[in-house]
Every structure is written in C-alpha cells, then in structure tokens.
Amino acid sequence: MSEMINVKINGMDVSVPDGSTILEAARALGIEIPTLCHMKNSNEIAACRICVVEVKRARSLVASCVYPVTEGMEIETNTLRVQNARKKTLELILSTHNRKCLSCVRSGSCELQTLCHDLGVENEGVYDGAKPVYEIDYSAPHMVRDNNKCILCRRCVAACSAQHVGVIGVNDRGFDTHIGSAFDKQLNEVACISCGQCIVNCPTGALYEKDDTDKVFAALGDPTKTIIVQTAPAVRAALGESFGLPIGTNVTGKMVAALRRLGFDKVFDTDFSADLTIMEEGTEFIDRVKNGGKLPLITSCSPGWIKFCEMYHPDMLENISTCKSPQQMFGAIIKTWYAEKNGLSPKDIVSVSVMPCTAKKFEIGREDQSAAGEGIPDLDITITTRELARMIERAGINFNMLPDEQYDNPLGEASGAAVIFGATGGVMEAALRTVVEVLEGKEMGNVDYEVVRGTAPFKAATLNVAGMDVKVAVVSGMEAAHELLKKVESGEEQYHFIEIMGCPGGCVNGGGQPIQPASVRSFTDIKGLRASALYSDDKANKIRKSHDNPMIKELYKEFFGEPGSHLAHNILHTTYKDRSKDYIK
Amino acid sequence: MKKRISNLPFTGTPEQEAKLKAVIAENKGQKSMLLSVMQEAQGIYGYLPLEVQTMVAEGMDVPVEEVYGIATFYAQFALTPKGKYKISVCLGTACYVKGSQSLLDKITEIIGIGPDECTADGKYSLEACRCIGACGLAPVLTVNEDVYGRLTNKDVAGILKKYID
C-alpha cells in the first residue's frame with residue numbers, strides 16, 4: 001500500500017495516496033474542480049489553466065490537474081481570486097472562439113459552454129480583438145473539423161496519437177497555433193481511420209460527425225420507399241445517456257419504440273447479422289485451421305480497424321476474415337434475400353443503420369459492398385447513436401416515457417452471443433461458443449468465456465479444443481493492435497485467432513456514442529459500464545449461441561445452403577486493398 | 001507567423017537521400033533525436049518539404065504530422081527552398097523604423113516573390129529576418145554573405161543586378 005498524504009482542502013482534512021494530484025484529492029472530498037484540457041492518463045498537460053487553485057505559500061495559482069499533493073498542504077479551490085482567474089481564462093478563450101452557440105451541434109453538451117455558465121461569464125466579447133479564421137474541413141466522409149471552435153486543448157491530438165494514428169497535431173506557433181494535419185492537408189488526404197475518438201474527446205463543437213439525419217428524414221417522408229433500420233449492439237447500451245439515463249442503462253425496448261414512432265417500416269437488429277457473421281467467420285476459421293489457410297485469422301467487424309490495417313499493416317490483409325461487417329451483411333441480405341421474399345425491388349428499399357461508429361460512414365462507400373449488383377449499395381445511410389438521439393429530440397418523442405417494444409421479425413431475433421459483439425472480447429467469445437462446439441462435435445455446457453472479457457486493451461488465452469491448443473488474442477484500440485501485429489509479423493508471437501476492434505474497449509466506446517465530458521471520462525469506467533449492459537442482456541437471453549438462432553438456421557436452409565457456400569461468398573464476403581501509399585501518415 | 005509552404009517541385013538527388021538515410025540510421029530508434037535529425041535534414045536539403053519530412057517520419061517511426069508540428073514551431077526550419085542568392089531583409093526594430101519594410105516590398109516588386117518564397121528558377125529566395133546586429137547601418141539587407149547598409153529603395157535594383165548569374 002502506498003503512503004497516505006494528509007492535506008487540507010477548503011478547511012477540510014483529507015488523506016489521499018501519495019502521488020495523487022490536487023484534483024484527485026479534491027474529488028475524494030466531493031469537490032469537483034473544473035477542468036478543460038485535462039484527460040486522465042492521456043492528456044495531462046495543464047495547458048488551459050481552468051483548474052487553478054490556491055496553495056498556501058505557493059507563489060502563484062497552481063494547475064490542480066497535475067500538481068501533486070504534499071504532506072500538510074493547504075489548498076483553497078474556490079476563493080474569489082481563483083474564480084476570477086478561471087473567469088478571465090474563459091473570457092480569453094472566448095475572444096477567438098466562434099460563438100455561434102445557438103446553432104452549434106454541441107450546444108447543451110459543450111464543456112466550454114457549461115464552464116461559462118457555471119463560472120458566471122457575463123460578457124463573452126470583453127477581450128475581442130483579432131480573430132483567426134479557418135476554413136472548415138468537410139473533406140472526410142465521416143466528420144467535420146471546424147478550427148474556429150477549437151480551444152487548443154489538444155484532447156483530440158492525444159486521442160489520435162493513442163490510436164497510433166497521429167494524423168492531427170499542433171501546427172505553427174503563437175497566435176497562429178492551430179490543430180491540423182501535416183502540411184495542413186485536409187483530413188481525406190491523411191491516414192485517418194475514421195474512428196471518431198477525436199470527436200468524443202472534443203470539449204466543444206470543433207469536431208463532429210457528418211450529420212446524415214436530414215437524409216433519413218427525407219427517406220422517411222418518401223411514400224414510395226420501404227425504410228428499414230438496423231441497430232448495432234452497442235447503441236442500446238449508450239443511447240439512454242442522451243436522455244439523462246445512467247451510463248450502462250440498456251434501452252433496447254425504448255429505442256425500438258422510438259424508431260417505430262420515427263416512421264421506419266421495419267425495425268431490425270444488427271445482432272441478427274452478428275450471428276450470421278459468426279456462422280461465416282467461424283466456418284472460415286475452421287476451414288483455415290483444417291486446410292492450412294492463412295493464420296491467425298483476424299476479425300473484420302470494425303471498419304476503423306480495417307482501414308488501419310489497410311493503411312498501416314497491409315502485409316496482414318490476407319489474415320483478415322473476408323466476412324463483411326455485420327452492418328454490411330445485414331444490408332446485403334435486406335437487398336437480396338429479404339427483398340426477394342417480400343416482393344420488393346432493392347431499388348425501392350432505403351436501408352439505414354444506427355451505429356456507435358463514425359467509420360461506418362466510410363465503410364458504406366467502400367468498394368465491393370453491393371450484393372444486389374447494379375451499383376446498389378448494401379447500405380444507404382448510416383447514422384451514429386448521437387444522430388439517432390438528435391432525430392428523437394427533433395421529432396418531439398419523449399424517450400423516457402416510451403413503452404418497451406420488440407424488434408420486428410424475421411430479422412429481429414438474435415442470440416446472446418450477438419449482443420456482446422459491442423464490447424471488446426465479445427466477437428471472440430461469440431465465435432468460441434460456436435467454433436468449439438463444431439470442433440468438439442458436441443454441445444458444451446459452459447458458454448461463458450471469462451478469459452476474453454474485460455476492458456483491458458490486450459487479452460490472450462490458450463484453449464484446448466478437441467485436443468488442439470488454440471491460441472487467441474483480443475485487442476481494442478489501435479495502439480494495442482499495432483503492438484500485437486508487430487509481434488505477429490515478426491513471428492515473435494503466434495496466434496490462431498485474433499479479435500481486433502478499432503476503439504479502446506470496443507464499440508461501446510465508439511466514436512459515434514453519446515459524448516461524456518472529460519470529468520466523467522477521466523474518472524468513470526464508461527467502457528465497463530456500457531459493456532456490462534450487454535453482458536447482462538446476453539445472460540438473460542435463452543439462446544446463447546449464434547448457431548442456435550432459429551432464424552439463422554432458416555436463412556441457411558432457405559437461401560444460403562450452408563455457411564461459406566458460393567452464394568454466401570457472393571453476398572456476405574468482401575475484399576480489402578493496400579492503402580499504405582495513398583495517404584500521408 | 002504562419003509558415004509558407006513551397007509549391008515548387010521537389011528536386012532532391014540520390015546523394016542527398018543517401019546522406020539523410022545515413023543520418024537516420026545513426027539515430028534509429030531514438031525518438032528524442034528527432035529534432036536533431038530534422039536539423040541535419042535541413043542542412044542536406046536546405047529546407048524541409050513533404051518528401052523530406054516523410055523520409056524523416058518513416059525513418060524515426062513517428063507520424064509526419066509530428067515532424068511538421070516541430071517544423072512549423074521553430075523559426076529555424078524552412079518549408080521553402082533557399083535560392084542560389086539568399087536575400088534577407090532585417091525587420092529588427094532599428095531597421096524597421098528606418099524603412100526596411102519598404103525595401104522588402106521593393107524587392108518583392110522586382111523579383112516577384114514574397115518573404116519565405118523562392119523563385120521558380122531557384123535563383124533568389126527572400127526572407128525577413130530579425131536583428132542581425134548591424135543597427136548602425138540600418139536599414140540593412142544581406143545577400144548570402146554580403147551586407148548592404150544605409151539603404152533606400154533606389155539602391156535595391158543596383159544591388160540585385162550584381163546577382164544575375
């Protein structure tokens with residue numbers, strides 16, 4: 001146990017472990033010191049000076065986010081001097097900030113706005129003077145960068161760098177300092193993987209997803225079209241946060257009810273195609289193991305990861321499963337099997353997905369994602385969890401008052417294995433539930449693979465399956481993936497099967513999820529709480545294994561024949577390409 | 001001041017590339033040496049265009065943006081090539097009050113490039129510099145190692161005539 005340090009904060013005594021910052025010590029007393037640039041572990045740079053406090057005998061105010069406590073220290077967190085300093089800092093930040101708050105996407109969830117309100121900023125233009133003007137970058141398929149609202153906190157830079165991407169950073173100096181890419185290239189010219197982690201870490205409206213809600217409303221208003229929506233597993237675990245519900249609340253029923261009230265003709269569950277993914281990917285894995293195919297097999301659900309691999313590890317492309325992502329598989333069967341079954345022309349279907357992910361906006365435009373042919377895309381529009389919340393608000397739907405409703409059939413039925421796809425380790429666990437039974441040739445009693453659960457960026461296990469040692473690894477976040485791939489490429493470590501998800505913690509922590517302020521992100525296990533909602537859902541499901549999903553069985557019987565069939569390959573599988581030379585990185 | 005980026009084509013030679021590769025090899029795996037590698041790279045090429053920054057970034061295993069961020073932070077790094085004749089006009093306080101801005105404008109008028117630019121033929125580059133310690137001669141400009149002082153706009157054309165070949 002580490003040594004305890006005794007300090008006095010606002011006249012109250014508190015003991016905290018040695019090495020704690022003033023910010024952490026104050027939290028132990030229930031005092032929340034405001035912060036802006038601080039992100040625990042990733043961005044501890046004390047740049048913004050919002051968190052300043054008075055320390056007795058210190059010459060000036062100190063930044064509490066990085067200042068360590070020492071024995072006997074006396075701290076005041078809320079004197080008039082402190083308040084005035086914070087207020088002045090805010091006023092100076094505002095002097096170069098584009099204050100179009102009324103129409104800002106982050107109005108209501110902006111940390112700068114909240115601070116100005118809380119600290120009583122009365123005149124936002126008191127220090128107005130020269131104002132840098134930046135062109136807004138709309139070039140990327142998934143997001144917009146508006147430096148006119150940037151406060152230079154560098155949280156996005158830290159997030160991008162933690163993803164081993166690092167395509168944004170601090171350029172120029174002094175008054176010209178701004179966040180940008182090398183040679184101030186636009187985002188679509190640099191090796192951005194579209195993960196959106198910069199967005200969920202941005203305190204203001206400087207970074208935001210490309211809003212496709214208008215497209216969805218337009219489709220919903222077109223009587224000649226059949227509008228079908230699918231929702232990813234992780235969405236249900238986070239959407240409630242946009243309506244004030246606690247982190248980790250599962251809102252599947254209300255979400256389905258809301259989608260129906262928005263006017264979607266059919267509300268389906270991406271979980272169905274997660275089960276389908278397991279059938280295809282599991283078969284692919286068994287085939288590669290038995291027939292000496294390329295190993296390790298790496299999962300292909302996460303478009304951020306796929307783009308990362310294409311840009312940064314093109315040598316590993318053959319290791320990636322050829323399975324389309326569950327979103328794309330779903331889109332593909334809607335416009336083929338489902339359309340045919342229901343006498344619809346694929347051209348009259350508008351297929352929409354709700355995803356925790358911004359990279360999905362890139363994925364829908366990828367090559368080789370048109371199962372129905374004739375250039376008809378598998379999926380027409382994808383929106384993030386945040387955009388769905390926005391649609392619900394705009395439509396005047398009182399989310400928390402909604403009854404719980406069920407998904408439509410036939411594509412609303414799914415196993416517990418599918419719902420955990422939203423958390424790191426979930427795809428691996430779902431795959432193991434099926435692959436182990438197929439290889440053992442018998443039903444297994446236990447379906448809980450605890451070894452691959454948890455939010456750690458890297459997990460590995462060796463399982464004995466049918467007399468063979470199967471080595472599996474699970475990573476989330478691209479830094480962990482990069483470290484693992486280096487070892488796999490060099491032969492230092494060998495695995496049979498690897499699950500990789502682009503965002504740290506998996507889709508539950510995706511770049512399209514509701515934004516929590518840094519004060520929550522730094523001190524709450526958001527990933528774990530959201531994931532636990534999915535694991536409870538899995539546990540409560542009578543069907544725990546993908547191959548036990550009766551609708552999946554029917555789909556193969558009626559349409560595909562068997563997993564990995566020629567037809568399944570045409571519709572459910574895809575290709576990748578080396579993009580390592582196409583972008584600045 | 002925001003740094004100007006050259007749009008002149010990159011004309012690096014295989015010899016220059018070999019030199020840079022040697023510098024990178026010496027510092028391989030030591031990310032803390034990035035700044036010093038960049039200084040050497042600038043010594044080899046005279047400036048740090050995208051092609052050079054990419055080589056440095058790949059060699060030092062950092063994103064190009066990190067290199068670019070450093071290159072735009074420190075005044076010593078240039079993103080535009082230097083000409084055969086490097087013209088520097090001092091904009092330090094003494095020279096400035098003696099009218100050096102007007103000298104700079106005059107040069108721009110004659111050779112057609114602004115500060116931090118290089119002519120397409122590679123002959124002239126222009127820069128505004130800080131005090132060079134010749135305040136007694138203000139306003140001052142230099143061409144390579146030659147110093148010219150107590151200037152008026154009328155002197156500019158005559159000076160440039162000396163640097164034609």
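Since the model is a prediction, treat every value here as computed from it, not as a measurement. In what follows, chains are A, B, ... by sequence order, proteins preceding strands, each numbered from 1.
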Visitor: Given that the side chain runs from C-beta out, which part of B/Gln53 has a heavy atom under 4.5 Å from chain A: side chain, backbone, both or neither?
Guide: side chain
Visitor: Report which part of A/His178 has an atom under 4.5 Å of a heavy atom belonging to chain B: side chain, backbone, both, or neither.
Guide: side chain
Visitor: On the ring face of A/Tyr138, is A/Lys210 found with NZ or CZ under 6.0 Å from the centre and within 45° of the axis?
Guide: no
Visitor: Name the region of B/Ile5, side chain, backbone, both or neither, that has any atom closer than 4.5 Å to a heavy atom of chain A.
Guide: side chain
Visitor: Looking at A/Arg99 and A/Asp128, does any basic side-chain N land under 4.0 Å from a carboxylate oxygen?
Guide: yes
Visitor: Would the distance check show the side chain of B/Tyr85 and the main-chain N or O of B/Asp165 forming a donor-acceptor pair, the cut-off being under 3.5 Å?
Guide: yes
Visitor: In terms of heavy-atom pairs under 4.5 Å, which option from A/Gly169, A/Ala191, A/Gly174 contacts chain B the most?
Guide: A/Gly169
Visitor: Is it true that B/Tyr45 and B/Phe10 have ring centroids separated by less than 6.0 Å?
Guide: yes
Visitor: Give, as side chain, backbone, both or neither, the part of A/Val165 having an atom under 4.5 angstrom from any heavy atom of chain B.
Guide: backbone
Visitor: Where does B/Ala71 contact chain A at under 4.5 Å (heavy atoms): side chain, backbone, both or neither?
Guide: neither
Visitor: What verdict does the side-chain contact (heavy atoms from CB on, under 4.5 Å) test give for A/His482 and A/Phe308, after you've listed the backbone C-alpha separation in whole Å, the side-chain angles of each residue and the deciding distance to 0.1 Å?
Guide: CA-CA 9 Å; A/His482 176 69; A/Phe308 181 83; 4.1 Å; yes
